[in-house]
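To start, the structure itself, in structure tokens.
Note that the structure is predicted; figures quoted are calculated from it, not measured. The residues of the chain are indexed from 1 along the displayed sequence. Any value given below was found using the heavy atoms of this structure, including those in side chains, with hydrogens, waters and symmetry copies removed.
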Amino acid sequence: MSRESRMRATINQRLTEKGERERLKELLRVKLTECGWKDQMKAHCKEVIKDKGLEHITVEDLVVEITPKGRALVPDSVKKELLQRIRAFLAQHAT
């Protein structure tokens, strides 16, 4: 396991142990709904299903198809806010 992988695992563990991971996930849900991301992704899913046909696409196929666009549509402001909150959490809980 690389140093970066160990660091990510440690950060993830701390976020989970302190309940911050769930708070961040809820914040992300709220922010994505507020900015219309959820509606855009819902429309994109419908489009993909319509193009490929409901009988010819699995949930896994749909996830693979929509993930790149979903990531690209997350506003930079939302990404920055989450990153700032993670950094603040880590600074506060540094050992």
Practice item. Output yes when a side-chain donor or acceptor of H56 lies under 3.5 Å from a complementary backbone atom of K52, and no otherwise. Key: no

Review point. Got more than 12 heavy atoms from elsewhere within 6.0 Å of CD, E17?
Key: yes

Practice item. Hey, could you give me the CZ/OG1 distance between R21 and T16, rounded to the nearest 0.5 Å? Key: 5.0 Å

Study note, to complete from the structure: Rounded to the nearest 0.5 angstrom, the NE2-CD1 distance for H93 and I11 is 13.5 Å

Point to revise | Between CD on residue Q92 and CD on residue E20, distance to nearest 0.5 Å | key: 8.5 Å

Review point. Checking side chain to side chain contact (heavy atoms under 4.5 Å, CB included) for the pair V30/E34: CA distance, chi angles, key distance, verdict?
Key: CA-CA 6 Å; V30 169; E34 285 175 357; 3.4 Å; yes

Check your understanding: With a 4.5 Å limit on heavy-atom distance, are the side chains of E26 and E22 in contact?
Key -> no

Revision key, fill the gap. In this structure, NE2 of H44 is separated from CG of D39 (nearest 0.5 Å) by 14.5 Å

Point to revise | Heavy atoms from other residues, nucleotides or ligands near CZ of R71 exceed 12 (cutoff 6.0 Å) | key: no

Check your understanding: Does CZ in R29 sit with more than 12 non-hydrogen atoms of other residues, nucleotides or ligands closer than 6.0 Å?
Key -> yes

Check your understanding: So do R87 and Q84 actually touch side chain to side chain, heavy atoms under 4.5 Å?
Key -> no

Study note, to complete from the structure: Distance col, row L73:CG vs K69:NZ, nearest 0.5 angstrom, shows 6.0 Å

**Study point:** Gap separating the OG1 atom of T67 from the CE atom of M41, nearest 0.5 angstrom
**Key:** 7.0 Å

Review point. Heavy atoms, side chains only, cut-off 4.5 Å: are E81 and L27 in contact?
Key: yes

Review point. Given the rule that I, L, V, M, F, W and Y join up when any side-chain heavy atoms are under 4.5 Å apart, are L54 and L62 in one cluster?
Key: yes

Review point. With the 4.5 Å side-chain cut-off for hydrophobic clustering, are L15 and M7 part of the same group?
Key: yes

Point to revise | Heavy-atom pair of closest approach, residues C45 and I66 | key: SG-CD1, 3.5 Å

**Study point:** Residue pair L32 / K38, side-chain heavy-atom distance below 4.5 Å
**Key:** no

